J.: 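Below are the structure tokens for one structure; questions will follow.
By convention in this document, chain letters (A, B, ...) are assigned in the order of the sequence lines, proteins followed by strands, and residues within each chain are numbered from 1. Not measured: the values here are computed from a predicted model. Keep in mind that the numbers below use all heavy atoms, side chains included, and drop hydrogens, waters and symmetry copies.
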Amino acid sequence: MLTIYNTLARAKQEFVPIEPGRVRMYVCGMTVYDYCHLGHARVMVVFDMVARWLRASGYRLTYVRNITDIDDKIIKRAGENGEPIRALTDRFIAAMHEDAEALGVERPDHEPRATDYVPQMLGLVDALEQRGLAYVAGSRDVCYAVRKFPGYGRLSGKSLEDLRAGERVDVMEGKNDPLDFVLWKHAKDDEPAEVKWDSRWGQGRPGWHIECSAMSSQLLGAHFDIHGGGQDLQFPHHENEIAQSEGAMDPNEGGTFVNYWMHNGFVRVDNEKMSKSLGNFFTIREVLKSYDAEVVRFFILRAHYRSALNYSDAHLDDARQALSRLYTALKGFDAEPRVNWDDAYARRFRDAMNDDFGTPEAVAVLFDLANELNRTRDAALAAQLKGLAGILGLLQRDPVAFLQAVPATSAGPAAADIEALIAARAAAKKAKNFAEADRIRDELRKHGIVLEDSAGGTTWRRA
RNA sequence: GGCGCGAUGGCAGAGUGGUUAUGCAGCGGCCUGCAAAGCCGUUGACGUCGGUUCGAUUCCGGCUCGCGCCUCCA
């Protein structure tokens, strides 16, 4: 039985899908005006893991992760670059796909682009206006009247009184209430034609929040099972999505927009949230210059998805060492991944994953398995290890290839040169010239190459 | 100011009302020409003050510290 920590309930709950055997999941994706950073990597990896586990559990899953390709920052960036918006967003979508693929993140079933769903957004705004939840503000923007939606604040645990809008931010002129948010932004003269859509409120473009309500209902229906995203989206974004989606429903039908809300924790740097605005972010591609992408994935998955995750080189080094141990255990086996669910390790793994996606415990099971594999060298255990790890998207490569992989930036010695030195050392060893053999080994060690002698000969790996 | 989350051994990071994960690092041993890897053993922890309990790191409350949201943000 799967339990999920539901932000809406602030507790773990048994997961019961709306339709037996079928799961519909929507995750808020990226705004594509720049390269993805490690915070984005975490969302992608975490919900990829969730998707994999749901499928491994036998559910038929439809997974949607959207792309925001229209908003203020995109318009600004395109203007700065002097390029069309579409060129900018296409470029960064391609980059995002490269990053995701490197991290072993499978493509969601749908990756809707906001600009392809403007008619659906307008339909929602229309419905909201008809139900008296939307109005045209003095700025000519169409806004949502937050006070008219009874459950506002339920997800984030904030009451309208607590929010005290205006405390930190200047209130936008023309809104009835400071907390009201924009559904449809009225076009400005200096904006490019590319960001103007016709509507019965005049030319304009969608507000950010309405995008997700429109795309999710179009692709998953008005009610679905799981909605995910980073913790920072809890308020106001997800709160607003609920207000929009439930507010636009036929009052006679009503019902709950989403049953389970999942939020992953932040990636931090020096104990502070990694973010664009703080400027303390590392892009995925930057990190991948010095670390193997699987190490980054392992680093993310060895922590629980809801906890904060501190990023540093030292921690990635540590993750790399740990992952090497797993691959080392698999060395020498040409194992096909195969899970035997009757086995005690597999059961522990499953219990861990079913407990709100407990990947730290699941990873611990992998290490226990590796330990027994090292002792017994039993091929069935190797298949089991590779099978369970595969559910997490780990350990599917050739072990030697992983252990010898070179980070993109540090150009270590070529494999052929290393092999030549190993041969020379073997000759020296045979002649009992241990001083020379050790000299060669020390020489290679200086270049980050570690030699390992065994009965079958000498192998090497990158330190 | 309001709301929320957290504090675990040198580091990372789970978990549990009593037997105290997992990884890295350390220490001792086995293996090895010597190493490395691996194996065996081992040191070491639950912020603080109270309460509940036969027993609390685990439950409850106060305090301290850290972080996040209340603005765009994964």
Side-chain angles (χ1 to χ4, degrees), chain A residues 7 10 27-31 36-47 65 68 71-73 153 156-159 161-172 179 181 208 228-237 239 263-268 271-278 281 298-299 302-304 306-310 312 314-326 328-329 331 348 352 355 358-368 370-371 373-377 403 429 432-435 437-438 441-442 445 450-455 458-461 463:
Chain A
T7 305
R10 306 214 172 259
V27 172
C28 288
M30 266 55 77
T31 299
C36 293
H37 59 64
L38 281 177
H40 302 121
R42 192 174 190 191
V43 194
M44 291 197 283
V45 168
V46 160
F47 287 99
R65 189 186 61 215
T68 294
D71 96 327
D72 289 352
K73 285 179 180 170
S156 52
K158 297 175 191 299
S159 71
E161 288 63 40
D162 289 344
L163 283 164
R164 300 277 311 273
E167 184 121 41
R168 290 181 51 189
V169 176
D170 289 338
V171 176
M172 195 185 84
L179 289 167
F181 57 92
W208 177 44
Q231 236 156 34
D232 44 3
L233 298 187
Q234 223 173 88
F235 187 90
H237 185 55
E239 197 72 70
H263 293 98
N264 65 274
F266 295 132
V267 175
R268 295 189 196 168
N271 230 29
E272 266 189 331
K273 174 186 172 183
M274 179 184 289
S275 71
K276 285 277 173 62
S277 36
L278 284 170
F281 62 92
F298 178 81
F299 168 68
R302 87 205 292 225
H304 189 86
R306 280 192 282 117
S307 59
L309 182 58
N310 254 311
S312 75
H315 297 159
L316 279 189
D317 287 337
D318 183 89
R320 189 172 146 327
Q321 286 295 105
L323 188 57
S324 294
R325 175 172 165 80
L326 257 18
T328 301
K331 208 167 85 172
R348 264 222 286 153
D355 183 9
T359 56
E361 173 65 16
V363 167
V365 172
L366 262 28
F367 281 100
D368 288 346
N371 176 262
L373 178 58
N374 283 331
R375 273 183 287 128
T376 62
R377 303 307 288 163
L403 295 167
K429 274 176 66 175
K432 302 276 184 212
N433 185 354
F434 294 122
D438 291 353
R441 187 172 60 196
D442 291 346
R445 189 65 189 78
V450 178
L451 298 189
E452 292 171 357
D453 295 338
S454 72
T458 300
T459 57
W460 62 275
R461 65 183 166 87

J.: Could you work out the separation of C5(B) and G47(B) based on their C1' atoms and round it to a whole Å?
T.: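 That atom pair is separated by 16 Å.
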
J.: May I ask you to decide if the ring planes of F298(A) and F367(A) are parallel, tilted or perpendicular, using 30° and 60° as cut-offs?
T.: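 Because their plane-to-plane angle is over 60°, the rings of F298(A) and F367(A) count as perpendicular.
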
J.: C49(B) and G29(B): how far apart are their C1' atoms, nearest whole angstrom?
T.: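 Between the two C1' atoms, the distance is 45 Å.
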
J.: Considering only atom P, compute the distance from G4(B) to G15(B) and round it to an integer number of Å.
T.: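 Going atom to atom, P in each nucleotide, I get 22 Å.
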
J.: Nearest 0.5 angstrom please: L309(A) CG to N264(A) CG, how far?
T.: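 Going from the CG atom of L309(A) to the CG atom of N264(A) covers 10.0 Å.
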
J.: Roughly how far apart are M30(A) CE and M44(A) CE, rounded to 0.5 Å?
T.: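 With rounding to 0.5 Å, CE (M30(A)) is 4.5 Å from CE (M44(A)).
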
J.: Just the rounded figure in Å: distance from C1' of U22(B) to CG of L323(A).
T.: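 Spelled out: CG on L323(A) to C1' on U22(B) is 14 Å.
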
J.: To the nearest 0.5 Å, what is the distance between CG on L451(A) and OG1 on T459(A)?
T.: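 These two atoms lie 8.0 Å from each other.
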
J.: Out of C70(B), U22(B), C67(B), which has the shortest distance to the side chain of P236(A)?
T.: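 It is C70(B).
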
J.: Any N or O donor-acceptor pair linking the side chain of K158(A) to the base of C69(B) at under 3.5 Å?
T.: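 It does, because a donor-acceptor pair links the side chain of K158(A) to the base of C69(B) below 3.5 Å.
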
J.: Does H237(A) have any ring-ring contact (aromatic ring centres under 6.0 Å, His included) partners at least two apart in sequence or in another chain, and if so, which?
T.: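 Expected list: W208(A), H209(A).
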
J.: Would you compute the distance between atom NE2 of H315(A) and atom CZ of R302(A) and round it to the nearest 0.5 angstrom?
T.: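 One finds 9.0 Å between NE2 of H315(A) and CZ of R302(A).
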
J.: Using the P atom as the point on both nucleotides, what is the distance between C24(B) and C39(B), in whole Å?
T.: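 Their P atoms lie roughly 9 Å apart.
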
J.: Assess, by modelled atom type and distance only, whether the side chains of S307(A) and H304(A) contain a donor and an acceptor separated by less than 3.5 Å.
T.: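 The criterion, which ignores hydrogens and geometry beyond distance, is not satisfied for H304(A) and S307(A).
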
J.: For V267(A), which contact category applies under a 4.0 Å heavy-atom criterion: base, sugar-phosphate, or nothing?
T.: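 Since a base atom lies under 4.0 Å of V267(A), the category is base.
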
J.: Whole Å only: how far is the CZ atom of R377(A) from the P atom of G38(B)?
T.: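 About 11 Å, once rounded to whole Å.
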
J.: Rounding to an integer number of angstrom, what distance separates A36(B) and G28(B) when you compare their P atoms?
T.: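 Nearest-Å result for A36(B) against G28(B) at atom P: 12 Å.
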
J.: Would you mind reading off the distance between L278(A) atom CG and A74(B) atom P, rounded to a whole angstrom?
T.: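 Those two atoms, CG and P, are 13 Å apart.
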
J.: What closest approach, in Å, do R348(A) and E361(A) show between heavy atoms, and which atom pair accounts for it?
T.: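 Heavy-atom minimum between the residues: NH1-OE2, 3.2 Å.
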
J.: Can you build the contact string for nucleotides 6-16 of chain B? Use B for base contact, S for sugar-phosphate-only contact, and - for no protein heavy atom under 4.0 Å.
T.: ------SSS--

J.: Using atom P in both nucleotides, what's the gap between G44(B) and G50(B) to the nearest angstrom?
T.: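 Between the two P atoms, the distance is 25 Å.
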
J.: Starting at CD of E452(A), measure out to CG of L403(A) and round the result to the nearest 0.5 Å.
T.: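 If we round to the nearest 0.5 Å, E452(A):CD and L403(A):CG are 8.0 Å apart.
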
J.: Base, sugar-phosphate, or nothing for M274(A), non-hydrogen atoms under 4.0 angstrom?
T.: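 Base: the residue M274(A), judged by heavy atoms under 4.0 Å, touches a nucleobase.
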
J.: For a quick check of understanding: with a heavy-atom distance under 4.0 Å over all strands, which category does R268(A) fall into, base, sugar-phosphate or nothing?
T.: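 Sugar-phosphate: the residue R268(A), judged by heavy atoms under 4.0 Å, touches backbone atoms but no base.
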
J.: Report the residues that fulfil side chain to side chain donor-acceptor pair (under 3.5 Å) with R375(A), sequence neighbours left out, ordered by chain and then residue number.
T.: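 N371(A).
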
J.: Is any side-chain N of the basic residue among R441(A) and D438(A) closer than 4.0 Å to the acidic one's carboxylate O?
T.: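 A salt bridge links R441(A) with D438(A).
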
J.: Need one value for K273(A): base, sugar-phosphate or nothing, where a base atom within 4.0 Å counts as base even if backbone is also close, heavy atoms only.
T.: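 Since a base atom lies under 4.0 Å of K273(A), the category is base.
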
J.: What interatomic distance, in whole Å, is found between C1' of U64(B) and the corresponding atom of A14(B)?
T.: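 Those two atoms are separated by 25 Å.
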
J.: Return the stems involving RNA chain B, sorted by first number, where pairs are Watson-Crick (N1-N3 with N6-O4 or O6-N4) or G-U wobble (N1-O2 and O6-N3), both under 3.5 Å, and runs are 3 or more long.
T.: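 For RNA chain B the paired stretches long enough to count as stems (3 pairs minimum) are B:1-7 with B:64-70, B:10-12 with B:22-24, B:26-30 with B:38-42, B:47-51 with B:59-63.
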
J.: Would you indicate what G39(A) reaches in the nucleic acid, counting non-hydrogen atoms under 4.0 angstrom: base, sugar-phosphate, or nothing?
T.: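 Contact class for G39(A): base.
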
J.: If the cut-off is 4.0 Å, is Q321(A) near the phosphate of A25(B), judged by side-chain N/O to OP1 or OP2?
T.: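 Checking A25(B) against Q321(A), a side-chain N or O does come within under 4.0 Å of OP1 or OP2.
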
J.: If you look at every heavy atom in E239(A) and S156(A), which pair is closest and at what distance?
T.: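 Scanning both residues, the minimum pair turns out to be OE1-OG, 2.5 Å.
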
J.: What is the nucleic acid contact for L233(A), judged by heavy atoms within less than 4.0 Å: base, sugar-phosphate only, or nothing?
T.: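 Contact class for L233(A): sugar-phosphate only.
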
J.: Taking A463(A)'s backbone N and O only, do any of them form a donor-acceptor pair with R320(A)'s side chain (distance below 3.5 Å, no angle check)?
T.: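 Indeed, once roles are kept as given, a pair shorter than 3.5 Å links the two residues.
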
J.: Please tabulate, one pair per line, each protein N/O and nucleotide N/O from nucleotides 39-46 of chain B that are separated by under 3.5 Å, including the distance.
T.:
residue : atom : partner : partner atom : Å
C39(B)  : OP1  : R325(A) : NH2          : 3.3
C39(B)  : OP1  : N371(A) : ND2          : 2.9
C39(B)  : OP1  : N374(A) : ND2          : 3.1
C39(B)  : OP2  : R325(A) : NH1          : 3.3
C40(B)  : OP1  : R375(A) : NE           : 3.3
C40(B)  : OP2  : N371(A) : ND2          : 3.4

J.: F235(A) has an atom CZ; how far is it from atom P of G68(B), in whole Å?
T.: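 So the two atoms are 18 Å apart, to the nearest Å.
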
J.: Any donor-acceptor pair under 3.5 Å linking the side-chain atoms of K429(A) with those of T458(A)?
T.: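 Distance-only check fails for T458(A) and K429(A).
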
J.: For G265(A), report the nucleic acid contact type (base, sugar-phosphate, nothing); a contact means any heavy atom under 4.0 Å.
T.: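 The residue G265(A) makes base contact.
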
J.: Does V450(A) reach a base, just sugar-phosphate, or nothing at all? Heavy atoms under 4.0 Å.
T.: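 Contact class for V450(A): sugar-phosphate only.
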
J.: Please answer whether the main-chain N or O of G29(A) pairs with a side-chain N or O of T68(A) as donor and acceptor at a distance below 3.5 Å.
T.: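 Side chain of T68(A) to backbone of G29(A), a donor-acceptor pair under 3.5 Å: no, none is there.
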
J.: Provide the closest heavy-atom pair for R306(A) versus Q231(A) in the form atom of the first, atom of the second, distance.
T.: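 Answer, listing the atom of R306(A) first, then Q231(A): O-NE2, 3.9 Å.
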
J.: Could you tell me how far apart H37(A) (NE2) and A74(B) (C1') are, to the nearest whole angstrom?
T.: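 H37(A) atom NE2 is separated from A74(B) atom C1' by 7 Å.
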
J.: Determine the contact category for K432(A): base if any of its heavy atoms lies under 4.0 Å from a base atom, sugar-phosphate if only primed atoms, P, OP1 or OP2 are that close, otherwise nothing.
T.: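 Here K432(A) touches no strand at all.
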
J.: If each of S324(A) and G29(A) is mapped to the nucleotide of RNA chain B with the nearest heavy atom, which maps nearer the 5' terminus, i.e. the 5' end?
T.: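 So the residue in question is S324(A).
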
J.: What contact category does A364(A) fall into here, base, sugar-phosphate, or nothing, at under 4.0 angstrom with non-hydrogen atoms?
T.: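 Answer is base: heavy atoms of A364(A) come under 4.0 Å of a base.
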
J.: Within the structure shown, what part of the strands sits under 4.0 Å from T328(A) by heavy-atom distance: base, sugar-phosphate, or nothing?
T.: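 Answer is sugar-phosphate: T328(A) comes under 4.0 Å of backbone atoms only.
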
J.: Below 3.5 Å is the cut-off: list the nitrogen or oxygen pairs between protein and nucleotides 30-33 of chain B, distance only.
T.:
residue : atom : partner : partner atom : Å
G33(B)  : N1   : D438(A) : OD1          : 2.9
G33(B)  : N2   : D438(A) : OD1          : 3.4
G33(B)  : N2   : D438(A) : OD2          : 2.6

J.: D368(A) near the nucleic acid: base, sugar-phosphate alone, or nothing, with a heavy-atom cut-off under 4.0 Å?
T.: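 Sugar-phosphate contact only - D368(A) comes under 4.0 Å of backbone atoms but never of a base.
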
J.: Using atom P in both nucleotides, what's the gap between A56(B) and U19(B) to the nearest angstrom?
T.: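 It comes out at 11 Å once rounded to the nearest Å.
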
